[in-house]
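Convention: sequence-line order gives letters A, B, ...; per-chain numbering from 1. Model, not experiment: these values are computed from the prediction.
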Amino acid sequence: MDLVQVGEEDFDPAEEYAHLRTSGSGTGAIATFTGLVRDSGDLSGVTGLYLEHYPGMTEQVITGLIHQARERWDLHRVRIIHRVGSLRLTDQIVFVGVSSAHRSDAFAACQFLMDTLKTSVPFWKKELTDSGEHWVEQKASDRQSGERWEE
Amino acid sequence: MDLVQVGEEDFDPAEEYAHLRTSGSGTGAIATFTGLVRDSGDLSGVTGLYLEHYPGMTEQVITGLIHQARERWDLHRVRIIHRVGSLRLTDQIVFVGVSSAHRSDAFAACQFLMDTLKTSVPFWKKELTDSGEHWVEQKASDRQSGERWEE
Amino acid sequence: MATDTITVRYFARLREELGTDSEVLALDAEQRTAGDLLNTLAERGGPWRQLAGDQPVMIAVNQAMARPHTRVGPGDEVAFFPPVTGG
Amino acid sequence: MATDTITVRYFARLREELGTDSEVLALDAEQRTAGDLLNTLAERGGPWRQLAGDQPVMIAVNQAMARPHTRVGPGDEVAFFPPVTGG
């Protein structure tokens, strides 16, 4: 069963892996990605993040991306979790997991979903530092990573 | 700490993830791949696999691939596990996990390591079926996936 | 009529700089697209000017990504926000 | 002298079809490369012929991937095997 979860609570990648692994005996490949809060953002001295989103729209757009991924690749299960609210250094932010018969499909879909999460889903990060807070600007490299999937 | 493990024992992706996650507060991205024995191989009716390898050389070649990956991408930790011996349907075969500051490095290195594991490391799969057993032939698509990393 | 209004929502940096997260506007006959609406709001001056400035503003209509030429009608929910930065 | 020999190892399908997993050979002056060695072994006939046939045979010398032109010398460990299929 696919999962789209957006909320403040933390997640357990092991639990998600268990769901991906039990997607039938035709499953040969599981690709996962986890994003963490790291200590070197746009400014130095980052102590945490605040993540805002557009409730309702967020879940709808992610569901649409999974639908697009399923049209392009042969996928068994997709699990996507994105946290919002206050996060500290080294906290988990995002999980994307995909199971498939073949590794090329699992890898491509996992990367497509991560790239488009960064460019098409209404999440905004604010970095908290010792000297104040500031909204993160979208990176040109992220924009390009998202655009390369457009045909 | 990097890990290269080749042996008959099963592995726990959650344990590997924990090692990748604690690779320092500069870690922002963890990409993992797990391969499973699936029920539709070259012949139908696959009931299991037997995996042979070249002890000593196997570990050496994998260590060399990690070295190559570290020259191409900025990586924090790499964990590679490959099982040998008798495996049943849905068993875990292989794990590749990479942590990095950035997701593009983590994804690329994870995919490079999986692709080259399939073309450059002395493992051989024999499929066991109800009507006998046979050695798996290398797929042209796997050869091409491996070659695309050669510059 | 209640349906002759639209709800406008603002997020993230825009929400903070405009000092509001949403408002209900009477739908003017001249505001047929999300772009028209942006221009009308920009005429309020001050921080509102950025809605028609050089900085990219993303648009959603009824919780789906939209473009300046996307039409808006009675009862619609229109949102303006900076480029997204999740993941 | 013990160092005038090489160890040859066979894996997977080749190991099964040749009926042996390793042997120690006296190093002949004419066998200067892994390819020379393959041709000499193929002359044994029967299943050994495939070593010089159309099917690709991968080569390792001292546990590193090698090519037909790779030189082999006293004490070396040379291995022949089918294309690999792990992962």
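Here CG of A/Leu51 is found 6.0 Å from NE2 of A/His82. Values are rounded to the nearest 0.5 Å. The line from OG1 of A/Thr32 to CD of A/Glu16 is 10.5 Å long, rounded to the nearest 0.5 Å.
With a threshold of 4.5 angstrom between heavy atoms, A/Tyr17 approaches chain B through side-chain atoms but not through N, CA, C or O. At a 4.5 Å heavy-atom cutoff, B/Asp12 makes no contact with chain A through either its backbone or its side chain. Proximity to chain B is absent for every atom of A/Thr22, based on heavy atoms less than 4.5 angstrom apart. Looking at B/Ser145, only its side chain comes within 4.5 Å of chain A, counting heavy atoms on both sides.
Note on A/Gly28, A/Ala14, A/Cys110: by heavy-atom pairs under 4.5 Å with chain B, the leading option is A/Gly28. Highest contact tally toward chain A, considering only B/Arg103, B/Arg21, B/Glu15, is held by B/Arg103 [criterion: heavy-atom pairs under 4.5 Å]. Counting heavy-atom pairs closer than 4.5 Å to chain B, the top-ranked of the candidates A/Asp115, A/Val37, A/Val98 is A/Asp115. Ranked by non-hydrogen atom pairs under 4.5 Å with chain A, the options B/Val94, B/Thr27, B/Thr90 are led by B/Thr27.
The main-chain N or O of B/Asp130 is never found under 3.5 Å from a side-chain atom of B/Thr47 such that the two would form a donor-acceptor pair. Side chain of B/Arg83 to backbone of B/Glu8: a donor-acceptor contact under 3.5 angstrom is found.
No side-chain donor-acceptor contact under 3.5 Å links A/Thr116 and A/Ser120.
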Item to complete: Take A/Gln68 and A/Trp149, measure what side-chain contact (heavy atoms from CB on, under 4.5 Å) needs, and give me the verdict at the end.
Response: CA-CA 11 Å; A/Gln68 282 181 50; A/Trp149 299 102; over 6 Å; no
